[in-house]
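The structure presented is a predicted model; accordingly, all values stated were derived computationally and were not measured. All values below come from the heavy atoms of this structure, side chains included, with hydrogens, waters and symmetry mates left out. Sequential numbering from 1 along the given sequence is applied to the chain's residues. Just follow the structure's listing: the first ligand is 1, and inside any ligand the first atom is 1.
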Amino acid sequence: MGQSVVIYFSNTGTTQAIAEQIAVTTDSKLIGIHAKVDHPEADLDWEDPVNQSYHEMHAQKVRPAIEAIDPAPIAAADVIYLGFPLWWATVPGEINTLLDSLDLTGKEVHPFCTSGSTSITEAVSQLRENYPHIDWHAGRRFATSLTADEIRDWAAED
Ligand SMILES: Cc1cc2nc3c(=O)[nH]c(=O)nc-3n(C[C@H](O)[C@H](O)[C@H](O)COP(=O)(O)O)c2cc1C
(Lines give C-alpha, C1' and ligand atoms only; values in the text may rest on other atoms or scores of the structure.)
Protein backbone atom coordinates (compact mmCIF):
# COMPACT_ATOMS: atom_id res chain seq x y z
CA MET A 1 0.00 0.00 0.00
CA GLY A 2 1.19 3.55 -0.80
CA GLN A 3 1.71 6.39 1.60
CA SER A 4 -1.17 8.28 3.17
CA VAL A 5 -1.58 11.58 5.00
CA VAL A 6 -4.29 13.05 7.21
CA ILE A 7 -4.84 16.76 6.60
CA TYR A 8 -7.27 18.54 8.89
CA PHE A 9 -8.61 21.94 9.90
CA SER A 10 -10.01 22.23 13.43
CA ASN A 11 -11.09 25.39 15.17
CA THR A 12 -11.89 23.99 18.62
CA GLY A 13 -10.10 20.63 18.70
CA THR A 14 -12.94 18.16 17.92
CA THR A 15 -11.85 17.37 14.37
CA GLN A 16 -8.22 17.34 15.48
CA ALA A 17 -8.93 14.54 17.99
CA ILE A 18 -10.58 12.44 15.24
CA ALA A 19 -7.76 13.24 12.80
CA GLU A 20 -5.21 12.00 15.34
CA GLN A 21 -7.04 8.67 15.69
CA ILE A 22 -7.29 8.27 11.91
CA ALA A 23 -3.56 8.99 11.56
CA VAL A 24 -2.68 6.31 14.12
CA THR A 25 -5.07 3.70 12.68
CA THR A 26 -4.04 4.25 9.04
CA ASP A 27 -0.36 4.91 9.81
CA SER A 28 -0.53 8.33 8.15
CA LYS A 29 1.41 11.53 8.62
CA LEU A 30 -0.73 14.20 10.33
CA ILE A 31 -0.84 17.74 8.90
CA GLY A 32 -2.81 20.56 10.55
CA ILE A 33 -4.10 23.56 8.58
CA HIS A 34 -4.08 26.86 10.44
CA ALA A 35 -5.70 30.14 9.44
CA LYS A 36 -3.25 33.04 9.33
CA VAL A 37 -5.78 35.21 11.12
CA ASP A 38 -8.20 33.81 13.72
CA HIS A 39 -11.88 34.19 12.89
CA PRO A 40 -13.54 36.95 14.93
CA GLU A 41 -15.72 35.59 17.75
CA ALA A 42 -18.93 36.96 16.16
CA ASP A 43 -18.20 35.07 12.93
CA LEU A 44 -18.24 31.79 14.82
CA ASP A 45 -21.75 32.23 16.25
CA TRP A 46 -23.24 29.72 13.84
CA GLU A 47 -26.68 29.71 15.39
CA ASP A 48 -27.11 33.40 14.59
CA PRO A 49 -29.46 33.47 11.54
CA VAL A 50 -27.90 36.65 10.16
CA ASN A 51 -24.48 35.00 10.12
CA GLN A 52 -26.00 31.88 8.64
CA SER A 53 -27.70 33.51 5.69
CA TYR A 54 -24.57 35.58 4.97
CA HIS A 55 -22.41 32.48 4.90
CA GLU A 56 -24.87 30.41 2.88
CA MET A 57 -24.53 33.01 0.15
CA HIS A 58 -20.79 33.56 0.41
CA ALA A 59 -19.19 30.42 1.86
CA GLN A 60 -18.11 29.04 -1.51
CA LYS A 61 -16.20 32.22 -2.36
CA VAL A 62 -14.35 32.74 0.91
CA ARG A 63 -10.62 31.87 0.80
CA PRO A 64 -8.98 32.80 4.13
CA ALA A 65 -5.16 32.79 4.09
CA ILE A 66 -3.60 29.70 5.69
CA GLU A 67 -0.13 29.10 7.16
CA ALA A 68 2.28 27.42 4.73
CA ILE A 69 2.49 23.62 4.93
CA ASP A 70 5.15 21.24 3.59
CA PRO A 71 3.72 19.96 0.28
CA ALA A 72 6.26 17.08 -0.03
CA PRO A 73 4.42 14.42 2.04
CA ILE A 74 1.17 15.32 0.27
CA ALA A 75 2.75 15.02 -3.17
CA ALA A 76 4.20 11.63 -2.18
CA ALA A 77 0.89 10.29 -0.86
CA ASP A 78 -1.61 8.20 -2.85
CA VAL A 79 -4.33 8.47 -0.22
CA ILE A 80 -5.43 11.58 1.67
CA TYR A 81 -7.85 11.77 4.60
CA LEU A 82 -9.22 15.33 4.66
CA GLY A 83 -10.95 16.48 7.86
CA PHE A 84 -12.91 19.60 8.79
CA PRO A 85 -15.69 20.83 11.07
CA LEU A 86 -18.91 21.49 9.15
CA TRP A 87 -19.51 25.19 8.92
CA TRP A 88 -23.03 26.00 7.78
CA ALA A 89 -23.28 22.49 6.37
CA THR A 90 -20.22 22.94 4.18
CA VAL A 91 -16.41 23.10 4.43
CA PRO A 92 -14.73 26.06 6.16
CA GLY A 93 -13.08 28.38 3.62
CA GLU A 94 -9.64 27.22 4.79
CA ILE A 95 -10.31 23.86 3.11
CA ASN A 96 -11.06 25.57 -0.21
CA THR A 97 -7.88 27.66 0.15
CA LEU A 98 -5.95 24.43 0.65
CA LEU A 99 -7.57 22.59 -2.26
CA ASP A 100 -6.95 25.55 -4.58
CA SER A 101 -3.25 25.48 -3.68
CA LEU A 102 -2.58 21.74 -4.15
CA ASP A 103 -2.64 19.47 -7.17
CA LEU A 104 -4.47 16.39 -5.93
CA THR A 105 -5.32 15.07 -9.40
CA GLY A 106 -5.71 11.31 -9.33
CA LYS A 107 -5.24 10.96 -5.57
CA GLU A 108 -7.83 9.14 -3.47
CA VAL A 109 -9.29 11.67 -1.05
CA HIS A 110 -11.50 10.53 1.84
CA PRO A 111 -13.32 13.52 3.36
CA PHE A 112 -14.42 13.41 7.01
CA CYS A 113 -16.04 15.90 9.34
CA THR A 114 -17.34 16.57 12.80
CA SER A 115 -20.46 18.68 13.38
CA GLY A 116 -23.22 19.46 15.86
CA SER A 117 -25.63 17.23 13.95
CA THR A 118 -25.53 18.03 10.20
CA SER A 119 -24.46 15.22 7.87
CA ILE A 120 -21.48 15.50 5.50
CA THR A 121 -23.59 14.88 2.36
CA GLU A 122 -23.97 18.48 1.20
CA ALA A 123 -20.30 19.28 1.85
CA VAL A 124 -19.17 16.27 -0.19
CA SER A 125 -21.41 17.10 -3.14
CA GLN A 126 -19.97 20.62 -3.19
CA LEU A 127 -16.43 19.26 -3.02
CA ARG A 128 -17.14 16.90 -5.93
CA GLU A 129 -18.63 19.75 -7.94
CA ASN A 130 -15.87 22.29 -7.17
CA TYR A 131 -12.93 19.88 -7.48
CA PRO A 132 -13.99 17.29 -10.08
CA HIS A 133 -10.39 16.26 -10.88
CA ILE A 134 -10.03 14.72 -7.41
CA ASP A 135 -11.00 11.08 -6.82
CA TRP A 136 -13.42 11.70 -3.92
CA HIS A 137 -14.22 8.64 -1.83
CA ALA A 138 -17.11 8.20 0.59
CA GLY A 139 -17.31 10.97 3.17
CA ARG A 140 -18.13 10.30 6.79
CA ARG A 141 -19.23 12.36 9.78
CA PHE A 142 -17.52 10.96 12.84
CA ALA A 143 -18.75 11.16 16.40
CA THR A 144 -16.08 11.59 19.07
CA SER A 145 -16.45 7.97 20.17
CA LEU A 146 -15.19 6.29 17.01
CA THR A 147 -13.40 2.95 16.94
CA ALA A 148 -10.42 1.74 14.90
CA ASP A 149 -12.75 -0.71 13.07
CA GLU A 150 -15.02 2.17 12.01
CA ILE A 151 -12.00 3.99 10.60
CA ARG A 152 -10.76 0.89 8.73
CA ASP A 153 -14.22 0.19 7.24
CA TRP A 154 -14.55 3.76 6.02
CA ALA A 155 -11.01 3.87 4.58
CA ALA A 156 -11.84 0.74 2.55
CA GLU A 157 -14.94 2.34 0.92
CA ASP A 158 -14.92 3.61 -2.67
C1 LIG B 1 -19.02 28.85 12.08
C2 LIG B 1 -19.61 27.55 12.49
C3 LIG B 1 -20.62 26.98 11.73
C4 LIG B 1 -21.18 25.73 12.09
N5 LIG B 1 -22.16 25.16 11.32
C6 LIG B 1 -22.68 23.95 11.67
C7 LIG B 1 -23.71 23.33 10.89
O8 LIG B 1 -24.16 23.83 9.87
N9 LIG B 1 -24.20 22.12 11.31
C10 LIG B 1 -23.75 21.49 12.45
O11 LIG B 1 -24.22 20.41 12.76
N12 LIG B 1 -22.73 22.04 13.18
C13 LIG B 1 -22.20 23.25 12.83
N14 LIG B 1 -21.19 23.81 13.59
C15 LIG B 1 -20.65 23.05 14.74
C16 LIG B 1 -19.30 22.40 14.38
O17 LIG B 1 -19.37 21.70 13.15
C18 LIG B 1 -18.86 21.41 15.48
O19 LIG B 1 -18.88 22.03 16.73
C20 LIG B 1 -17.49 20.82 15.14
O21 LIG B 1 -17.36 19.55 15.76
C22 LIG B 1 -16.34 21.72 15.60
O23 LIG B 1 -15.11 21.11 15.19
P24 LIG B 1 -13.69 21.65 15.68
O25 LIG B 1 -13.66 21.56 17.19
O26 LIG B 1 -12.71 20.71 15.05
O27 LIG B 1 -13.53 23.05 15.21
C28 LIG B 1 -20.66 25.05 13.24
C29 LIG B 1 -19.65 25.66 14.00
C30 LIG B 1 -19.14 26.89 13.64
C31 LIG B 1 -18.05 27.50 14.48
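Counting non-hydrogen atoms of other residues, nucleotides and ligands closer than 6.0 Å to CG of Asp100 gives a total above 12. Within a 6.0 Å sphere centred on CG of Asp45, other residues, nucleotides and ligands contribute more than 12 heavy atoms. Atom CD of Glu41 is surrounded by 12 or fewer heavy atoms from other residues, nucleotides or ligands within 6.0 Å.
His110 has its ring centre less than 6.0 Å from the ring centre of Trp154.
Here the shortest heavy-atom distance to atom 6 (C) of ligand 1, taken over Tyr8, Trp87, Trp46, belongs to Trp46.
Regarding atom 21 (O) of ligand 1, its nearest protein heavy-atom neighbour is Thr114 OG1, 2.6 Å. Shortest contact from atom 22 (C) of ligand 1 to any protein heavy atom: Pro85 CB, 3.6 Å. Looking only at heavy atoms of the protein, atom 12 (N) of ligand 1 is closest to Gly116 N, 3.0 Å. Looking only at heavy atoms of the protein, atom 5 (N) of ligand 1 is closest to Trp88 N, 2.8 Å.
Ser119 and Arg141 share no donor-acceptor pair across their side chains, judged by distance under 3.5 Å alone. Side chain to side chain, Thr105 and Asp103 meet the donor-acceptor criterion of an N or O pair below 3.5 Å. Side chain to side chain, Thr114 and Thr15 meet the donor-acceptor criterion of an N or O pair below 3.5 Å.
Within the listing of ligand 1, atoms 7 (C), 8 (O) sit less than 4.0 angstrom from a heavy atom of Ala89. Listed by atom number, the atoms of ligand 1 under 4.0 Å from Thr14 heavy atoms are 21 (O), 23 (O), 24 (P), 25 (O), 26 (O). Below 4.0 Å from some heavy atom of Thr118 lie the following atoms of ligand 1, by number and element: 7 (C), 8 (O), 9 (N), 10 (C), 11 (O). Each of the following atoms of ligand 1 lies closer than 4.0 Å to a heavy atom of Ser117: 10 (C), 11 (O). The Thr15 neighbourhood of ligand 1 comprises atoms 23 (O), 24 (P), 26 (O), with distances under 4.0 Å to a heavy atom of that residue. Each of the following atoms of ligand 1 lies closer than 4.0 Å to a heavy atom of Asn11: 24 (P), 26 (O), 27 (O). Close approach of ligand 1 to Thr12 (heavy-atom distance below 4.0 Å) involves ligand atoms 22 (C), 24 (P), 25 (O), 27 (O).
You'll find the side chain of Phe112 reaches within 4.5 Å of the side chain of Ile22, heavy atoms only.
Atom CG in Asp78 sits 8.5 Å away from atom OG in Ser4 (nearest 0.5 Å).
Residue Leu86 has at least one N or O atom closer than 3.5 Å to an N or O atom of ligand 1. Taking distance alone, with nitrogen or oxygen atoms compared against 3.5 Å, Phe9 stays at or beyond that limit from ligand 1.
Of the protein's heavy atoms, none falls inside 4.0 Å of atom 19 (O) of ligand 1.
One finds a salt bridge joining Glu157 and Arg140 here, because a Lys/Arg side-chain nitrogen approaches an Asp/Glu carboxylate oxygen to under 4.0 Å.
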